[in-house]
Q: 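Could you have a look at this structure, given as C-alpha cells, before my questions?
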Amino acid sequence: MKTIAFLGLGTMGSPMAVNLCKAGYTVHGWNRSDNRTGPLLAAGGRTAASIREAVRDAEVVITMLPDAPQVEEVAYGPEGILANARPGVLLIDMSTIAPQSSIELARNAAAHDIRVLDAPVAGGEAGAVEGLLSIMVGGDADAFEEARPVFEALGRTITHCGTHGLGQTVKAANQLVLAINMQACAEAVVFLEKSGVDLETALDILSGGLAGSNVLTRKKITFLNRDYTPSFKMGLHHKDMGIVTDTARAIGAAIPLGSVAAQLMASAVARGDGGLDHSALLRGVELLSGHGRPQE
C-alpha cells in the first residue's frame with residue numbers, strides 16, 4: 001500500500017498529504033478548486049487533473065472533504081471513486097460526516113468490491129501539520145490493521161471504534177464536548193474580566209486545577225488577545241453540531257447542554273463569524289454581557 005490518492009487538499013488535507021509524502025508514500029493529490037497543490041508538489045507528491053486520474057492506480061484512496069454532499073460527489077457517478085478505483089482498493093474517508101452517511105458509503109462501495117473505513121480526525125490544523133492527529137476509525141478490523149501504517153504517518157492516537165459509522169459517532173461526541181467546553185471557557189473569560197480579575201493570572205490558576213482542559217490551555221492566548229485566526233472554523237464546527245443534534249435525535253439521546261451550544265454556534269455563524277476560529281464563541285458572550293470590544 002504505497003500509492004495513495006488524496007482527494008481534498010484544504011486546510012487539513014494539504015498538510016496530511018504532505019506528511020504521507022514524507023513517510024515515503026507516492027501521493028496523487030486532487031482538489032475541487034485550483035491553487036491548492038503547491039505544498040504537495042514541494043513535498044514530492046503528484047497532482048491529478050481528475051478523480052479518475054487520481055484513483056486509477058491507487059491502492060488507498062483518502063478523502064478529506066467538508067461534509068457528506070462533497071464526499072458523495074466524489075464517490076458516486078461515472079467520474080467518481082467507485083466507478084474508477086480498482087477492485088479491492090481501500091477507501092478511507094477522513095472527513096467528518098454523519099454516521100449514517102458513512103454506513104451508506106460502505107454499503108454502496110461493497111457492491112464495487114471497494115472496502116471503506118470512516119476515519120475522522122481531531123486536532124485541528126496544528127495537529128495535521130505536526131502529524132499528531134487523533135484518528136477515530138470505523139469499519140472492518142482487518143482493514144483497520146492494514147491501514148495502520150497510513151494512520152501512523154498522520155496521527156498519534158489511532159483507535160478502532162467498531163463497525164462502519166462508529167468512528168464518526170465518536171467524532172461527533174468529540175465535537176459535542178469541545179463545543180460545550182469552548183462555551184464554558186468563553187463565559188469564564190467574561191465573568192473574570194467583568195469582575196476585575198487579571199485574566200491571564202486567573203486562566204493559569206484554572207488550568208492548574210480540575211477546571212483545566214486542552215481548550216483552556218491551547219486557547220489561552222486567543223482569549224487574551226481576541227485573535228480569532230482560524231485553526232478550526234466556526235462554520236465547520238456549526239456543521240458538526242448539526243451532525244450531533246441530528247444523531248442524538250435519531251437515537252433518542254438527550255443533549256441539553258449540547259443543544260444550547262449548538263444554538264449559540266448557529267447564532268455566531270448567522271452574525272457572520274463562520275470564518276473565524278470556533279473560540280470566537282467568546283464574541284457572543286461579550287455581546288450578551290455588554291462587554292468587550294465593539295463587534296465589527
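These numbers come from the heavy atoms of this one structure, side chains and all, not from hydrogens, waters or symmetry mates. Values in this document were obtained by computation on a predicted structure and should not be read as measured data.
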Q: Could you tell me whether the side chain of P99 reaches within less than 4.5 Å of the side chain of T247, counting heavy atoms only?
A: yes
Q: Could you state the interatomic distance from CD (Q183) to CG (L281), rounded to the nearest 0.5 Å?
A: 5.5 Å
Q: Please name the pair of heavy atoms, one in T222 and one in S279, separated by the smallest distance, quoted to 0.1 Å.
A: CG2-OG, 3.1 Å
Q: Which class fits the ring pair H278 and F232: parallel under 30°, tilted 30 to 60°, perpendicular over 60°?
A: perpendicular
Q: Q175 side chain to M241 main-chain N or O, any donor-acceptor pair under 3.5 Å?
A: no
Q: Is there side-chain contact between I81 and L7, with at least one heavy-atom pair below 4.5 Å?
A: yes
Q: If we only count heavy atoms from C-beta on, is the Q168 to P120 side-chain gap below 4.5 Å?
A: yes
Q: Is a salt bridge present between R283 and E286, judged by a nitrogen-to-oxygen distance below 4.0 Å?
A: no
Q: Which atom names give the shortest non-hydrogen contact between A143 and L117, and what distance separates them?
A: O-CD1, 3.8 Å
Q: Are the side chain of R32 and the backbone N or O of G8 linked by a donor-acceptor pair below 3.5 Å?
A: no
Q: Side-chain heavy atoms nearer than 4.5 Å, only ILVMFWY residues, links allowed to pass through others: does that put L224 and Y228 together?
A: yes
Q: For residues V244 and M136: do they belong to one hydrophobic cluster (side chain heavy atoms under 4.5 Å, members Ile, Leu, Val, Met, Phe, Trp, Tyr)?
A: no
Q: Heavy-atom distance under 4.5 Å between the side chains of D240 and N174, does that happen here?
A: no
Q: Check step by step if side-chain contact (heavy atoms from CB on, under 4.5 Å) holds for I51 and E79.
A: CA-CA 7 Å; I51 298 170; E79 300 301 318; 5.8 Å; no
Q: Distance check, rounded to the nearest 0.5 Å: T169 atom OG1 versus Q100 atom CD?
A: 10.0 Å
Q: With no hydrogens and no angle check, is any side-chain donor or acceptor of S95 less than 3.5 Å from a backbone partner on L65?
A: yes
Q: How many angstroms lie between CG in D204 and OG1 in T217, if you round to the nearest 0.5 Å?
A: 9.0 Å
Q: Quick one: pull up CG in L236 and CE in M265 and give me the separation to the nearest 0.5 Å.
A: 11.0 Å
Q: Please step through side-chain contact (heavy atoms from CB on, under 4.5 Å) for the pair K2 and T26, ending with a clear verdict.
A: CA-CA 6 Å; K2 299 300 291 183; T26 299; 5.6 Å; no
Q: Verify, without hydrogens or angle tests, whether N19 (side chain) and E130 (backbone) share a donor-acceptor contact under 3.5 angstrom.
A: no
Q: Would you compute the distance between atom CG of L216 and atom CG of L203 and round it to the nearest 0.5 angstrom?
A: 5.5 Å
Q: Tell me whether D118 contacts the main-chain N or O of H164 through its side chain, where contact means a donor paired with an acceptor under 3.5 Å.
A: no
Q: Between the side chain of S14 and the main-chain N/O of G10, is any donor-acceptor distance below 3.5 Å?
A: no
Q: Ignoring hydrogens and geometry, is there a side-chain-to-backbone donor-acceptor pair from E125 to S231 under 3.5 Å?
A: no
Q: Looking at side-chain heavy atoms only, is the closest gap between M94 and M12 below 4.5 Å?
A: no
Q: Evaluate H291 against V285 for side-chain contact (heavy atoms from CB on, under 4.5 Å), listing each step before the verdict.
A: CA-CA 8 Å; H291 176 73; V285 182; over 6 Å; no
Q: Show the numbers, then the answer: is there a side-chain contact (heavy atoms from CB on, under 4.5 Å) between E104 and R107?
A: CA-CA 5 Å; E104 292 171 0; R107 182 170 57 244; 3.3 Å; yes
Q: Testing L105, V61, N108, V89 for side-chain contact (heavy atoms from CB on, under 4.5 Å) with I114, which one passes?
A: V89
Q: For D277, which of R218, K219, K233 qualifies under salt bridge (Lys or Arg N to Asp or Glu O under 4.0 Å)?
A: K219
Q: Decide whether V27 and V129 are clustered together by the hydrophobic rule: side chain heavy atoms of Ile, Leu, Val, Met, Phe, Trp, Tyr closer than 4.5 Å, transitively.
A: no
Q: Distance alone, cut at 3.5 Å: any donor-acceptor contact between the side chains of R271 and S267?
A: yes
Q: Within a strict 4.5 Å, meaning less than it, do heavy atoms of the L90 and V150 side chains meet?
A: no
Q: Pick one: which of V137, T96, L133 meets side-chain contact (heavy atoms from CB on, under 4.5 Å) with V121?
A: L133
Q: Is L20 reachable from L9 through a run of I, L, V, M, F, W or Y residues, each pair having side-chain heavy atoms under 4.5 Å apart?
A: yes
Q: So R156 and L132, do their side chains get closer than 4.5 Å, heavy atoms only?
A: yes
Q: Spell out, as yes or no, whether a donor-acceptor pair under 3.5 Å connects the side chain of K239 to the backbone of P66.
A: yes
Q: What I'd like to find out is whether the side chain of S102 reaches to under 4.5 Å of the side chain of V116, using heavy atoms alone.
A: no
Q: Can you tell me if CG on D198 sees more than 12 non-hydrogen neighbours from other groups inside 6.0 Å?
A: yes
Q: Would you confirm whether E187, through its side chain, and A184, through its main-chain N or O, come within 3.5 Å as a donor-acceptor pair?
A: no
Q: How many angstroms lie between atom CG of L287 and atom CG of L282, to the nearest 0.5 angstrom?
A: 11.0 Å
